[in-house]
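Heads up: the structure comes next, in C-alpha cells.
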Amino acid sequence: MIALVDCNNFYASCERVFNPSMNGRPVVVLSNNDGCVIARSNEAKAIGITMGVPAFKAAELFRRYNVAVYSANFALYGDMSRRVMQILSDFTPRQEIYSVDECFLDLAGLHEDGQAMGYRMRERVGRWTGLPISVGIAPTKALAKIANRIAKKYPSRTGDVYVIDTEEKRLKALRWLPVEDIWGVGRRNAMKLYAAGVTRADDFARMPESWVRKQMTIKGVYLQRELNGVPAIDMEIEADKSKSFSVTRTFPREYETWDEVKERVVTFASLAAAKVRKQQSLCRRLEVFVQTSLYKDSDGPVTGAREVRFPFPTSSTLEIVDFVVAGLRSIYKPGRRYKRAGVTLYDFIEPEEWQPSLFAEMNPNPRHPRLMQAIDTINQKIEGGIRVASRDARTFKMNRAYLSRKYTTDIHEILEVKMNK
DNA sequence: TCTGGGGTCCTAGGACCC
DNA sequence: TCTGGGGTCCTAGGACCC
C-alpha cells in the first residue's frame, strides 16, 4: 500500500502556526508582489475567495470578513516543509517528496493497520509542527491521491484519513470522482473525455486502452492501470538532480529602461546560477524572456525570448551574467513597457563529464569555481552579501506589505517564538 | 494602481547519418 | 512508370503537476 500525505492549506496553515489567534478566522497568502491569492484557509474558501484571484479584486471580501492577509514567506514554508517530511520519513524510509506539501510513502512490508498509521501520522505531525495533514492510503499512487481527496472532503467522517483497501471501496471511489479531478487529467484531457461521454473516473478506467493511448499518450495508459489497482507509476525515492532552474518575476510596475530590466535579469541569472552550483552541475544553455503586461493590451502580451548556448559549460555567475546580458540585448526593444521577465538555466552536465577545449578562449575561467565557492559561503552567512555590480538592490523593491517573520530560520525570531511559548 | 512561480514529461516532425 | 530503410538527435509545443 502507498500513502499520500499532504498538508491542508499548507501556506495558510504555516502562517497560522505562528499566529494562533488566526484560528477560526479566514487566512489567505498572497503571491510575490502581493499580486494574487495563492493559499486559503477553509474559512477563506467558505466566504468565496477563489484560488488565484488578484488581491485588489478580493479587497472588499478581505475587509468585510476581517481576513488575515499574508505576503508569501517561502523561506518559512520551505523550512516547515522540511520538518514535516522529516517526521513522515520516520514511518518508512521509502518516501517520495512530491511537492512542498506532499509526499508518497511506500508502506509495503509494514504490518500496522493503515488507518491506525494514518492517525498516528496526523497526530505526530500535528503535535510536532502544528500543521494539519490528510492521509490517503491505497494500492497505487493514483488511488492514494483519490483516497486523500476523500479524506479531505469528508474530514468529520474520515478523521482526515481514508484507506482504499477493498474492491468495493475502489469502485465506490471511482464512481464518486469526476474525471477532471483525476491526478494527471488536466483541462485538455478532461474535455476530450467529456466529449467521449466519460464523466466519472470509473468510466475512464473502463475505456479501451487503444483509445486512451491515442488521446492521452502513454501517461494516460499508466494512469488508467493505476486506477484499476495495477501499479504503473514508480515511487521516486532518490531525488534526482534538477534538469533546469528558472527564476521569473512579475514586476511591481512596468519597466521602461534598459537598466531596470537588465538589473532584474542579471539578478534572476545569479539566483539560478547559485542553484546550479548547489547541486554541483555545470550548465550549457540558458533562456531569457521578457514580456509586456498580460492584461493591458487587447491583443495580449508581447514576448521576446532568446536561447543562449554557452561556448563551455559553467556555473559561474560572472560568466552566466555575461551570457544573459547578451541574450537580453538581442531581444530588448527600447520603448516597450516590460512587466515580467525570467531566466532558465538548463542543459546540465556533471563536472567530470566535460573535457576542456583545445582552444583557450573556449574554456571557462579556471579561477571562477573557487571564487564562486567563496561567494556562496559568504552569502550563506550574510544574505545578499556579495553580488555582481550590475545587480542593484536599490532599483528593485518587491511589495511584501503583509510579510510574517522568519520564525524558524532567523535566530532572533526563533528565540522570541520560544520565549512566547 | 494592483493579475504568481517553478518544474517534468511526452510527442511529432525535421535534420542528419549510413 | 518505377525513387529504400533504419536509426538518432534535437527542438518546439503541448499538457500536466504543485
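So that the names make sense, note that chain A is the first sequence line, chain B the second, and so on, each numbered from 1. Note that the structure is a prediction, hence the values are computed from the model and not measured. These numbers come from the heavy atoms of this one structure, side chains and all, not from hydrogens, waters or symmetry mates.
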Side-chain N or O of [X] closer than 4.0 Å to phosphate OP1/OP2 of [N]:
| X | N | value |
| --- | --- | --- |
| A:S244 | B:dT8 | yes |
| A:T248 | B:dG6 | yes |
| A:N33 | B:dG4 | no |
| A:S246 | B:dG5 | no |
| A:K219 | B:dT8 | no |
| A:S31 | B:dG5 | no |
| A:R213 | B:dT11 | yes |
| A:R187 | C:dG14 | no |

>> One thing to verify: whether A:R264 and A:E260 come together as a salt bridge, which I'm taking to mean a side-chain N less than 4.0 angstrom from a carboxylate O.
In response: no
> Thinking salt bridges, do A:K152 and A:D6 make one under a 4.0 Å N-O criterion?
Replying inline: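 Salt bridge: yes.
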>> Would A:K296 and A:E254 count as a side-chain contact (heavy atoms from CB on, under 4.5 Å) here? Give the steps.
In response: CA-CA 11 Å; A:K296 273 208 167 146; A:E254 289 165 312; 2.9 Å; yes
Which nucleotide in [options] has an atom nearest any side-chain atom of [X]:
| X | options | value |
| --- | --- | --- |
| A:N189 | B:dG6, C:dC17, C:dC16 | C:dC16 |
| A:K296 | C:dA15, B:dC2, B:dG5 | B:dC2 |
| A:K243 | B:dG5, B:dC10, B:dC9 | B:dC9 |
| A:C36 | B:dG4, B:dC2, C:dC18 | B:dG4 |
| A:K145 | C:dC18, B:dC2, B:dT11 | C:dC18 |
| A:R188 | B:dC10, C:dA15, C:dC18 | C:dA15 |
| A:I218 | C:dC16, B:dT11, B:dG5 | B:dT11 |
| A:E102 | B:dC10, C:dC18, B:dT3 | C:dC18 |

Give the rounded distance in Å between these two atoms: [atom1] of [X] and [atom2] of [N].
| X | N | atom1 | atom2 | value |
| --- | --- | --- | --- | --- |
| A:E180 | C:dC17 | CD | P | 11 Å |
| A:Y346 | B:dG6 | OH | C1' | 16 Å |
| A:F245 | B:dT8 | CZ | P | 8 Å |

>> Please name the nucleotide paired to B:dC18 by Watson-Crick or G-U wobble geometry with both distances under 3.5 Å, or report none.
In response: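 B:dC18 is paired with C:dG5.
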> Taking the six-membered ring of A:F251, is the NZ or CZ of A:K339 close enough (under 6.0 Å from the centre) and on axis enough (within 45°)?
Replying inline: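 No - A:K339 does not lie over the ring of A:F251 by the 6.0 Å and 45° rule.
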> Checking A:R157 against A:Y154: charged group under 6.0 Å from the ring centre and within 45 degrees of the axis?
Replying inline: yes
> Would you say A:Y295 stacks on B:dT3, if stacking means ring centres under 5.5 Å apart and planes within less than 30 degrees?
Replying inline: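 Base of B:dT3: stacked against A:Y295.
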> Distance between the C1' atoms of B:dC17 and C:dG4, in whole angstroms?
Replying inline: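 The answer is 14 Å between these two C1' atoms.
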> Do A:R40 and A:M51 come close enough that some side-chain heavy atom pair is under 4.5 Å?
Replying inline: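 Touching, per the 4.5 Å side-chain cut-off.
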